[in-house]
Participant: 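I have a structure here, written as structure tokens, and I will follow up with some questions on it.
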Amino acid sequence: MEYARLGNSGLKVSRACLGTMNFGPAGGVGVGSCEEADARRIIDAFLDSGHNVIDTADAYTGGESERIVGRAVRGRRDSVVLATKAFLPQGSGANNKGLSRAHLTCALDASLRRLGTDYIDLYQCHQWDPETPIDETMATLDGFVRSGKVRYIGCSNFTAAQIVESQWAAEHGGGTRFISLQSQYSLLARGIEPEILPTCERHGLGTLTWSPLGGGVLTGRYVRDATPDRTSRIGRLLNSPSPLARAWAKDLVTERNLDIANEAAKIAAALGSTSTAVALAWVRQRPGVTSVIIGPRTLDQLAGNLAGFALDLPADAIARLDDISAASA
């Protein structure tokens, strides 16, 4: 099993990270299409195969994702790198969201209760809060680390400038610095390459990259001029009552994205592999990527995802994928 040091820290994480956004019934953020029995089988198989990092968030499926993860890792908690996030609303009150001291203090205690643990290995800001001074946020997170409730801190979906500002605030205040960033990265979405990845390297952040399969487009399941199956992820989004969900799905199934998926499928066929494995291997082999977040809903999907962490793409395959995905990346 291959492990990597997460940023400028001594924390070792597996190259695969188990994302749990879909664990539990529908509610809050997340599709919520994986019931607890199936979720626990996925978690057990993931950990039994040697991988060690699991990522959740307080908003995933209305908090049920954290509860499921907590129950699943009970008995081997110390061997798991447990990561969760806070920012999104946890109530209707004015102080029930964001990165203020008031909200983060309540959010952390609630996550600890749902997870059934005394500490969180990696506590992350789910997104930037323009309404809270960053020095307040960083001082609050430093207090969590000093209390022993949190061991390391990270951020998610921050820009390069926001990362620099956060690290400066921590250093200026003599506090704890971020060791990680969660950010979207795939053959379809390479926007973090010019500024964000170099900034992470300069400022001591490892990366946990999400949506490596481009919302499922890179699995090869979707073909040009064919209506997506209603049971597929894109199919569910296209038939969602939410205009934002429908728009997001349409933005995924574009001519450019389907061309990239088709190239990945050709390479997979030549290698005797799958489109899923090829897409995941490409992300895993990118400079600056520490761990890749996968989000399986079944054991078969987990096995198909993990195949991408055993596949080393040859240089010519990487060059072909780089070329076709570079335009408008």
Side-chain angles (χ1 to χ4, degrees), residues 1-6 13-19 49-51 181-202 205-226 228 232-234 251-296 300-329:
M1 178 56 58
E2 182 184 4
Y3 299 94
R5 203 162 57 91
L6 187 58
V13 296
S14 52
R15 300 301 308 279
C17 170
L18 182 62
S49 65
H51 303 281
L181 169 76
Q182 279 198 29
S183 193
Q184 184 179 15
Y185 193 33
S186 73
L187 281 163
L188 308 187
R190 297 176 58 182
I192 67 172
E193 291 178 354
E195 294 185 1
I196 292 177
L197 285 177
T199 298
C200 286
E201 182 178 5
R202 287 195 301 271
L205 279 70
T207 58
L208 305 163
T209 55
W210 55 267
S211 198
L213 297 176
V217 173
L218 292 168
T219 64
R221 186 172 185 178
Y222 308 99
V223 296
R224 190 174 280 102
D225 300 324
S232 68
R233 184 175 187 184
I234 298 295
D251 285 342
L252 284 173
V253 191
T254 63
E255 292 295 315
R256 169 188 177 267
N257 290 355
L258 290 174
D259 284 344
I260 296 170
N262 187 53
E263 187 69 13
K266 291 178 182 177
I267 290 171
L271 296 176
S273 186
T274 65
S275 297
T276 294
V278 167
L280 286 165
W282 182 87
V283 177
R284 190 196 87 240
Q285 291 177 241
R286 300 302 291 174
V289 172
T290 309
S291 188
V292 182
I293 301 173
I294 56 175
D300 284 345
Q301 287 182 356
L302 174 65
N305 283 188
L306 293 183
F309 296 85
L311 175 65
D312 289 322
L313 294 176
D316 64 321
I318 293 174
R320 286 168 60 188
L321 292 169
D322 288 352
D323 288 345
I324 197 169
S325 65
S328 303

Participant: To the nearest 0.5 Å, how far apart are CG in Asn262 and CG in Leu218?
Facilitator: 11.5 Å
Participant: Let me check something: any side-chain donor-acceptor pairs from residues 274-282 under 3.5 Å, sequence neighbours excluded? List them with distances.
Facilitator:
unit_1: Thr274; atom_1: OG1; unit_2: Ala277; atom_2: N; d: 3.1
unit_1: Trp282; atom_1: NE1; unit_2: Asp322; atom_2: OD1; d: 2.8

Participant: Could you go through the side-chain contact (heavy atoms from CB on, under 4.5 Å) check for Ile294 and Leu306 one step at a time?
Facilitator: CA-CA 9 Å; Ile294 56 175; Leu306 293 183; 4.0 Å; yes
Participant: Please assess Asn257 against Leu187 for the test side-chain contact (heavy atoms from CB on, under 4.5 Å), listing each intermediate value before the final yes or no.
Facilitator: CA-CA 9 Å; Asn257 290 355; Leu187 281 163; over 6 Å; no
Participant: Of all heavy-atom pairs between Leu311 and Ser273, which one has the smallest distance, and what is that distance?
Facilitator: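 Between these two residues, the closest heavy atoms are CD2-OG, 3.7 Å.
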Participant: Given 3.5 Å as the limit, does a donor-acceptor pair link the side chain of Arg320 with the main chain of Glu263, or not?
Facilitator: no
Participant: Considering all heavy atoms of both residues, which atom of His51 and which atom of Ala16 are nearest to each other, and what is their separation?
Facilitator: ND1-CB, 3.6 Å
Participant: So do Gln182 and Thr207 actually touch side chain to side chain, heavy atoms under 4.5 Å?
Facilitator: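 No. Closest side-chain heavy atoms not under 4.5 Å.
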Participant: Which heavy-atom pair separates Leu197 from Gly288 by the least distance, and what is that distance?
Facilitator: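 What the structure gives for the nearest pair is CD2-O, 4.0 Å.
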Participant: Using a 4.5 Å cut-off on heavy atoms from C-beta on, say whether the side chain of Gln285 contacts that of Ile318.
Facilitator: yes
Participant: Determine, step by step, whether Val292 and Asn305 satisfy the side-chain contact (heavy atoms from CB on, under 4.5 Å) criterion, reporting the C-alpha distance in whole Å, the side-chain angles of both residues, the deciding distance to 0.1 Å, and the verdict.
Facilitator: CA-CA 10 Å; Val292 182; Asn305 283 188; over 6 Å; no
Participant: Strictly distance-based, threshold 3.5 Å: is any side-chain N or O of Thr290 a donor or acceptor partner for the main-chain N or O of Gly206?
Facilitator: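 No; zero donor-acceptor contacts below 3.5 Å.
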Participant: To the nearest 0.5 angstrom, please state how far the OG1 atom of Thr254 sits from the CG atom of Asp259.
Facilitator: 8.0 Å
Participant: Crowded around Glu195 CD? As in, over 12 foreign heavy atoms under 6.0 Å?
Facilitator: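 Open.
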Participant: After noting the C-alpha distance and the side-chain angles of Glu201 and Ile196, does the key distance pass the side-chain contact (heavy atoms from CB on, under 4.5 Å) rule?
Facilitator: CA-CA 9 Å; Glu201 182 178 5; Ile196 292 177; over 6 Å; no
Participant: Taking C-beta and beyond as the side chain, do Val289 and Leu208 meet within less than 4.5 Å on heavy atoms?
Facilitator: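 With C-beta onward as the side chain, the pair stays apart.
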Participant: CG/Asp323 to CD1/Ile260 distance, rounded to the nearest 0.5 angstrom?
Facilitator: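 Here the rounded value is 11.5 Å.
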Participant: Search all heavy atoms of Ser325 against all heavy atoms of Arg190 and return the closest pair with its distance.
Facilitator: OG-NH1, 2.8 Å
Participant: Is there side-chain contact between Leu18 and Ile293, with heavy atoms separated by less than 4.5 Å?
Facilitator: no
Participant: Restricting to non-hydrogen atoms, name the atom on Ser291 and the atom on Val13 that form the minimum distance, rounded to 0.1 Å.
Facilitator: CB-CG2, 4.4 Å
Participant: Grab the two heavy atoms, one from Gly215 and one from Leu252, that are nearest each other, plus how far apart they are.
Facilitator: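 In terms of heavy atoms, the two residues are closest at CA-CD1, 4.1 Å.
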Participant: Looking at residues at least two apart in the chain, or sitting in another chain, which of them share a salt bridge (Lys or Arg N to Asp or Glu O under 4.0 Å) with Glu2?
Facilitator: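 Applying salt bridge (Lys or Arg N to Asp or Glu O under 4.0 Å) to Glu2 gives Arg15.
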Participant: If you count every heavy atom of other residues, nucleotides or ligands that lies below 6.0 Å from Gln301 atom CD, does the total exceed 12?
Facilitator: yes
